[in-house]
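Here's the structure, in structure tokens; my notes come after.
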2 protein chains.
Amino acid sequence: METIERKPRSREQTRSGIMVTAKTIARREGWQAVSIRKIADAIEYSAPIVYEYFDSKDVLLNEIRNEGFSYLYQEYDRILKLYRDPEKRLYEISLIQWDFAQQQPEIYQVMYSLEGAYCSMPVYQSDIVQAVSDKVSEIICSFIPKSKESIRRLFFEWWSISHGLISMAMMLKDEQSIEMSAQVYRETMRRFVRGLK
Amino acid sequence: METIERKPRSREQTRSGIMVTAKTIARREGWQAVSIRKIADAIEYSAPIVYEYFDSKDVLLNEIRNEGFSYLYQEYDRILKLYRDPEKRLYEISLIQWDFAQQQPEIYQVMYSLEGAYCSMPVYQSDIVQAVSDKVSEIICSFIPKSKESIRRLFFEWWSISHGLISMAMMLKDEQSIEMSAQVYRETMRRFVRGLK
DNA sequence: CAGGTGATTTAACACCGTTAACTAACGACC
DNA sequence: GGTCGTTAGTTAACGGTGTTAAATCACCTG
């Protein structure tokens with residue numbers, strides 16, 4: 001039997017409200033300013049309510065991280081349906097990575113524990129991260145089928161180069177124009193993709 | 001009559017003791033476990049004493065970060081005296097970056113605000129970071145003299161690729177052998193250096 | 001009406017960074 | 001000797017954190 005909704009919000013609404021609020025505060029004031037009490041205030045509840053939805057702050061951050069990887073997974077899928085050429089595919093996926101980091105920096109930060117957005121759970125223990133890795137690895141493999149080991153190395157290299165340029169651009173955003181960083185990113189990723197064949 | 005059990009230490013000794021202790025705790029338990037009180041306990045003083053030496057925790061972390069960049073500066077200098085070939089120079093400097101991150105991960109973390117080692121002060125405002133940047137830029141310039149803008153882009157690219165591989169290797173250290181990461185690092189940096197001429 | 005049940009809050013604990021107020025020891029001067 | 005100022009070091013406190021146990025309140029059922 002469905003209970004009557006006293007509050008105009010369903011359980012799922014409240015849950016996602018907590019996540020949205022956390023991200024909003026993080027975007028405005030940085031992750032280190034995100035506290036359970038501040039989130040509770042914003043959603044007009046008391047602090048312990050947050051623990052009805054998330055076992056700890058750590059799992060809340062982990063959920064947001066997974067949300068980020070999940071979004072990337074979707075977008076990668078979209079690209080795979082749009083293009084057939086492996087070169088085009090990998091390059092477009094690289095661009096998605098960049099755009100994502102620009103448009104939702106607070107999520108990107110929590111995904112890689114950047115700028116005080118600490119999440120103790122290791123990334124690789126998440127299924128969605130594994131799925132994203134597999135998807136990209138597959139594209140690299142479709143380039144030139146190589147040994148599993150080689151594919152793994154190339155994926156590691158692609159991921160690292162992309163992440164390195166993105167995180168460094170974030171770090172230097174106040175002294176180096178985003179447009180210049182974006183140019184270097186595009187050139188570098190294009191060169192990497194070309195170098196694969 | 002109870003005597004003072006605390007060893008008489010000079011001001012400079014105490015100061016560096018604080019920094020060493022902070023790094024030791026960070027190495028053992030991670031940066032998020034480093035607190036002023038814990039440091040004070042370890043050096044057998046009360047918490048406010050730490051503030052006699054550092055205005056805030058932020059300043060303390062910034063000092064440790066600068067110490068890290070200062071070490072790199074020294075090592076880069078050593079390389080410049082050892083080799084004349086620009087290609088060799090840049091490659092060796094890349095290797096120093098890697099070794100440093102492996103041997104003193106806690107310092108590397110605070111240098112780039114990784115893994116909860118948050119330091120609010122922006123890196124580029126530090127003179128020593130500027131000096132390190134200039135040194136590497138000079139080497140890149142000695143390769144093929146190009147426009148200031150091009151040098152800047154190449155330095156940004158070198159720094160990002162190196163940092164990307166290092167931070168990703170750190171992140172995946174429990175599921176991907178360091179030796180494999182090191183191999184990819186060496187190959188990638190070698191390829192980058194070769195590509196410059 | 002009484003009782004139970006689930007949602008929600010209050011109060012508390014043990015920490016955190018940071019600062020003000022206090023104490024104990026020491027040397028200088030009268 | 002006694003009084004002062006200085007200094008090193010402490011304790012105690014403030015407002016904040018994540019987290020949990022206990023208390024409260026609104027509602028449905030018997």
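Lettering of chains follows the sequences in order, A, B, ..., and the numbering in each one begins at 1.
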Problem - Polar side-chain atom of A/Ser113 near backbone of A/Gln109 as donor-acceptor pair, under 3.5 Å - result: no

Practice task
Please state how far atom CD1 in A/Ile49 lies from atom C1' in C/dT9, giving the value in whole angstrom units.
Solution key: 8 Å

Exercise for the section: Take atom CD of B/Glu52 and atom P of C/dT19, then tell me their distance rounded to the nearest Å. Expected result: 12 Å

Exercise for the section: Determine, for A/Arg186 against A/Glu179, whether the closest basic-nitrogen to carboxylate-oxygen distance falls under 4.0 angstrom. Expected result: yes

Exercise for the section: Pick out which of B/Arg190, B/Lys197, B/Arg191 makes a salt bridge (Lys or Arg N to Asp or Glu O under 4.0 Å) with B/Glu87. Expected result: B/Lys197

Handout entry: Identified side-chain hydrogen bond (donor to acceptor under 3.5 Å, both in side chains) counterpart of B/Tyr108 within the set B/His163, B/Arg65, B/Gln103
Key = B/His163

Problem - Length of the line joining B/Arg11:CZ and D/dA8:P, which is rounded to integer Å - result: 8 Å

Problem - For atom CD of B/Gln32 and atom P of C/dC15, their distance in whole Å - result: 15 Å

Exercise for the section: Using the side-chain contact (heavy atoms from CB on, under 4.5 Å) rule, take B/Trp159 and A/Leu172 through it: C-alpha gap first, then chi angles, then the decisive distance, then the call. Expected result: CA-CA 12 Å; B/Trp159 200 11; A/Leu172 303 177; 4.1 Å; yes

Exercise for the section: Compare side-chain N and O positions of B/Tyr45 against OP1 and OP2 of D/dG9 and report whether any pair is under 4.0 Å apart. Expected result: yes

Handout entry: Side-chain ion pair, A/Arg153 and A/Glu149, N-O less than 4.0 Å
Key = yes

Practice task
Measure the CD-CD1 distance between B/Glu106 and B/Ile25 for me, rounded to the nearest 0.5 Å.
Solution key: 11.5 Å

Exercise for the section: Assign a letter to each nucleotide of nucleotides 16-21 of chain D from its 5' end: B, base within under 4.0 Å of a protein heavy atom; S, sugar-phosphate only; -, no contact. Expected result: -BBBB-

Handout entry: B/Ile64 CD1 to B/Met111 CE distance, which is reported to the nearest 0.5 Å
Key = 12.0 Å

Problem - Bend angle of the helix from C/dC1-D/dG30 to C/dC30-D/dG1, end axes from five pairs each (to 10°) - result: 50°

